[in-house]
Amino acid sequence: MDISSIMGAQVSQLQQTVGLSMLKMAQATQAAGAMVMLQDFTNAQATTQAPHPTLGKQIDISV
């Protein structure tokens, strides 16, 4: 058996494992960031909706 081919296969497997691990971490970070942005957007929408100034206080009837 050739030791360099075995080492090359192990290095390749290690690179693949590290690459997949980094991809999973990046996806988790992006998902967490998206959740924070959506929550902030929801909170901002809830606080910026003011009631209409005259809605429900006057009735405009024309005959």
Side-chain angles (χ1 to χ4, degrees):
M1 296 186 100
D2 185 19
I3 192 78
S4 63
S5 65
I6 293 172
M7 290 299 291
Q10 289 177 346
V11 168
S12 176
Q13 187 177 9
L14 179 62
Q15 286 176 337
Q16 182 180 10
T17 303
V18 169
L20 287 173
S21 194
M22 290 177 64
L23 177 63
K24 287 180 182 178
M25 287 176 18
Q27 287 176 335
T29 302
Q30 288 175 350
M35 291 298 295
V36 168
M37 285 190 290
L38 287 172
Q39 186 63 41
D40 288 347
F41 179 74
T42 302
N43 292 344
Q45 292 298 312
T47 58
T48 58
Q49 293 178 350
H52 193 274
T54 60
L55 187 63
K57 293 180 182 177
Q58 299 173 346
I59 299 177
D60 187 14
I61 300 176
S62 301
V63 181

For G8, does its backbone N or O pair with a side-chain atom of S12 as donor and acceptor, under 3.5 Å?
no

Hey, does the side chain of S21 reach the backbone of T17 with a donor-acceptor pair shorter than 3.5 angstrom?
no

For the CD atom of Q13 and the CD atom of Q15, what is their distance to the nearest 0.5 Å?
11.0 Å

Beyond-backbone contact of L14 with Q10, side-chain heavy atoms, under 4.5 angstrom:
no

